[in-house]
Protein chains: 2
Amino acid sequence: MNNSVSIKDIAKKFKCAPSTISRALNDHPAINIETRKTIQEYALKVGYQKNTLSLSLLNNCSMTLGLILPSITHFHESSMLEGLEDILLKSGYLLNICVSNESHTIEKEYIDRLLANRVDGLFISMAQESYDQQLGEHIDRVIQRSLPVIFIDRPNHGVASDRVVTDDYQGAYMATKHLIDMGCLRIAHLHGPSGISVSKQRFLGYQDCLLAHGRKVEEKWIQYVHFSAESAIAATRNLMQLDQKPDGIFGVNDEVCLAAMHVLRDLGISIPQDVAIVGFDDIPLASFGYPPLSSVSRQSRRIGEEAAKLFLSKKTHNKSPITISLDPKLMIRDSSLRVMMN
Amino acid sequence: MNNSVSIKDIAKKFKCAPSTISRALNDHPAINIETRKTIQEYALKVGYQKNTLSLSLLNNCSMTLGLILPSITHFHESSMLEGLEDILLKSGYLLNICVSNESHTIEKEYIDRLLANRVDGLFISMAQESYDQQLGEHIDRVIQRSLPVIFIDRPNHGVASDRVVTDDYQGAYMATKHLIDMGCLRIAHLHGPSGISVSKQRFLGYQDCLLAHGRKVEEKWIQYVHFSAESAIAATRNLMQLDQKPDGIFGVNDEVCLAAMHVLRDLGISIPQDVAIVGFDDIPLASFGYPPLSSVSRQSRRIGEEAAKLFLSKKTHNKSPITISLDPKLMIRDSSLRVMMN
DNA sequence: AAATTTTACGCAAACGTTTGCATTTGAGGT
DNA sequence: ACCTCAAATGCAAACGTTTGCGTAAAATTT
């Protein structure tokens, strides 16, 4: 079944000790230079490949990391993964990817497997279930092993550890402020799944911005949606059936906004004149919506990069927990850019 | 640094042999039922976690697989990954994710690391560089170790191994046929990056369908693009500056089509009356384009599921290489649904 | 009471690699 | 011929776990 050749096999071939082979392959100066050459050439010929598992066992270091995400199909998540990979590739690590599907049970199962495989660290964006039910002891188990745990996007209630996030609050504030600047008087919000930090922070930014500018936060203008486009259909229709229709929408992400624009077009409502709209994430297709969708960029790829760098710095220094918060950027496009006439 | 407790540690605590602990934890009947209980409780209390690495070493089986992709940010790829994960989760495997970024060098590096970590199998969608330069010996090295290698999407020139793909040719044929049925006389194609199988197959399906229906395949109606939306901007403009403008477009994927529609709207060209358009992949946002974009669905998630199942069946049976080809489905939406008046 | 079986556990090897500490060999100096 | 020293290599333990085999003690059967 397994054809791999080991150091012992090579040792038999040369009738010498495994240690000699090991040293030869690692260019140890104590081994005769010609012996080294001969052994190295033979190893190459027979396709010898070091078995890292034995080393991991010996050194208590597997050069493998774990990444647990609720899902991976959104641009933000996959883009973040690419950022992580980019840095880890250069540092010799491998990454185990685990999709929890927002389930606490699955998350726990994956953590068990990762621990059993002795990963050297863990990046995690907690499942909604774990968050809702305030379940953190599975993460604590990891930290008790003094393994670096780096939280991504979502916070770690109770657990003291590192974090890399975008400042969702600030991003939402900027988006809402922009809508106010564009003359919107009744700004609605497509609120993300409750219990998830991202939803909450974006709502708070929206709320505080309205209050700071003397607006009221009306419950009827807040509709709850999931992160998928479909869920925004009904929500948007609801908004547009109100007596007091909104003239601005801030959505929890771009998918729901693109779906909302779809509904608005259906209803013959012009964007941005009748309703201005701003999303979040700045996915590549935002620019190609009709009209092009204004959006808050989270620098997804950089989140991954910063998380990886944070891990690498922890490996050596082991400082106290820190939070890296990246600034969001507002990308203004036609969906909110009103022709002001005053 | 590492706080993990081993079987040996527990054995010392109980002043017995490690083998006793091992058997107790694995519910071996030869161990006294009460001893078992005591040991299991203690193990739970001190947070014992089996070290899988030692077992991997012993059994030549790591319960870990590798997945190498050119990128991960497209819906098709991340969706496929979720399908893979779903099946592998149930089978106890972990998945190492590797993004090659279409680079042969990176792909080779990742394969080395995966082999060193003794993965039990490999899923791979080959990098364009490897494909362009006909480089396959790094894959051969894997197969020579008699490791299952399953190719995804892109073929394995020269290498005899399993494959899971969508029938791109058939999908493209269906899309083109649909445009013909909708009365399009001059059907253009936004051709994907050359050298990549997906691009080629979709072009061939387009070409053969045209020929089969007595149409000419005109070079001027074929524009080359990347898989990103941006790259379709210039391409679409070029098409619309021709004397003989196309009245139908089949695009290599949805991103380029959504971008193309953006350009068409800018030019005041009505969709689908002036130009009908059909994409590929059926990404979730296709439904929310303006107008909603017709598209060929590849069943991305199922590709991952089938690949995982194929691996699992190979583990036991070890049959000769097979190719699983999934049927594409044409999702007809407004972007191509013309009101026929004849 | 002797013989037999059962119960419950220990021993040691194995997986592949590294590494500190011998040990061997040969050369050079006296 | 003897001592010294360096060069080149071997030995054995270690990482954590499993497992076939051995063995002691206890329980059961004659």
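Note that these values count all heavy atoms, side chains included, but never hydrogens, waters or copies made by symmetry.
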(request) Measure from the side chain of A17(A), starting at C-beta and using heavy atoms only, and say which of dC15(D), dT18(D), dG10(D) lies closest. (result) dG10(D)
(request) Among dC15(C), dT18(D), dT18(C), find the nucleotide with the atom closest to the side chain of K50(A). (result) dT18(C)
(message) Do N101(B) and E85(A) have side chains that approach each other closer than 4.5 Å (heavy atoms only, starting at C-beta)?
(response) no
(request) For the residue pair V99(B) and L69(B), establish whether any side-chain heavy-atom pair is separated by less than 4.5 Å. (result) no
(request) Calculate the interatomic distance between I10(A) atom CD1 and dT9(D) atom P; express it in whole Å. (result) 16 Å
(request) Take the protein atom CG of L57(B) and the nucleotide atom C1' of dT19(D), then report the distance between them rounded to whole Å. (result) 16 Å
(request) Classify the side-chain pair Q133(B)/H104(B) by whether it contains a donor and acceptor separated by less than 3.5 Å. (result) no
(request) Please list, by residue number, the residues of residues 20-40 of chain A whose heavy atoms come closer than 4.0 Å to an atom of DNA chain C; answer none if no residue qualifies. (result) S22(A), R23(A), N26(A)
(request) Identify whether any heavy atom of S19(B) sits under 4.0 Å from a base atom; if not, whether one sits that close to sugar-phosphate; answer base, sugar-phosphate or nothing. (result) base
(request) Identify whether any heavy atom of Y48(A) sits under 4.0 Å from a base atom; if not, whether one sits that close to sugar-phosphate; answer base, sugar-phosphate or nothing. (result) sugar-phosphate
(request) Step by step, work out the salt bridge (Lys or Arg N to Asp or Glu O under 4.0 Å) result for E109(A) and R113(A). (result) CA-CA 6 Å; E109(A) 167 66 23; R113(A) 285 190 205 169; 2.7 Å; yes
(request) Between S54(B) and P18(B), name the one whose nearest nucleotide on DNA chain C is closer to the 5' end. (result) P18(B)
